[in-house]
Amino acid sequence: AQHVALRRDVPALGWQVHIRRPVAVMQAPLVPFYMLTAAWLLVCMLLAAPLASRVSRRITQPIEILAQTAEGIGRGHAVAQPALPAGSPAEVLSLQRELGAMVERLDETVALLDQKVRERSAELAVTTARSDTMFQTASDGMLVLDAGGRVVEANDAWCRMLGATHDQVVGVRLADL
């Protein structure tokens, strides 16, 4: 169909109007609109990829910096508050603040644990010294054996009972004494 035919009744006049026009003539006003729309679509598609890349990089770059900071913290490295690029999204800045607060709490916890380790180590040293003193000065012969039955430690009373020196007893199996 290369032509479009239309018929319209005009009852007031008793007429019938017939129109026959070529399709190309009817579509002619639409062709520039279609061409303009296609051109805009092409321009938008060409601009969309770099624009999307730029926008996604604006979001992902600060997140990558925060991820590297978190990895450093996970590995036990001392980490400073990361500097984010200017114009970072508000959500990422919020993540940065929370990460900083977590690092501060972690530092406080590590300091507290270090203090507790020092206190417990001092207590253990006192207890060990007291136990060693009681072990060595006991009038009864005592010794410590490993899982294989070898002498690990013997007090002076045990050595006197055997008539041997401390160095002669340590490392020997109990069955061989």
Checklist entry - Got a sec, which residues hit salt bridge (Lys or Arg N to Asp or Glu O under 4.0 Å) with Glu64, two or more places apart in sequence or on another chain? => result Arg57
Checklist entry - Val151 versus Trp158: any side-chain heavy-atom pair under 4.5 Å? => result no
Next on the checklist: Is there a continuous path of hydrophobic side-chain contacts, each under 4.5 Å between heavy atoms, that joins Leu145 to Leu162?
Outcome noted: yes
Checklist entry - Would you find a donor on one side and an acceptor on the other, under 3.5 Å apart, between the side chain of Asn155 and the backbone of Asp140? => result yes
Can you give the donor-acceptor pairs under 3.5 Å from side chains of residues 11-32 to other protein atoms, not counting sequence neighbours?
unit_1	atom_1	unit_2	atom_2	d
Gln16	OE1	His18	NE2	3.4
Gln16	NE2	Asp9	OD1	3.0

Output side-chain donor-acceptor pairs under 3.5 Å for residues 34-44, partner residues at least two apart or in another chain, one line each.
unit_1	atom_1	unit_2	atom_2	d
Thr37	OG1	Phe33	O	2.8

Next on the checklist: What's the separation between atom OG in Ser131 and atom CD in Gln136, rounded to the nearest 0.5 Å?
Outcome noted: 11.5 Å
Per-pair distances, 0.1 Å, donor-acceptor, side chain in residues 104-117, under 3.5 Å, sequence neighbours excluded:
unit_1	atom_1	unit_2	atom_2	d
Thr109	OG1	Arg105	O	2.9
Gln115	OE1	Arg118	NH2	2.9
Gln115	NE2	Glu119	OE2	3.0

Next on the checklist: Taking CE in Met142 as the centre, count heavy atoms belonging to other residues, nucleotides or ligands within less than 6.0 Å. Is the count above 12?
Outcome noted: yes
Please report, to 0.1 Å, the donor-acceptor pairs under 3.5 Å made by any side chain of residues 87-96, with sequence neighbours excluded.
unit_1	atom_1	unit_2	atom_2	d
Ser88	OG	Pro85	O	2.6
Gln96	NE2	Pro82	O	2.5

Using residues 166-177 as the side-chain source, report each donor-acceptor pair under 3.5 Å to any protein atom, sequence neighbours left out, with the distance given to one decimal.
unit_1	atom_1	unit_2	atom_2	d
His166	NE2	Glu153	OE2	2.7
Gln168	OE1	Thr165	N	2.8
Gln168	OE1	Thr165	OG1	3.4

Item to check | Residue pair Val103, Thr69: steps toward the side chain to side chain contact (heavy atoms under 4.5 Å, CB included) verdict | outcome: CA-CA 10 Å; Val103 167; Thr69 302; 5.5 Å; no
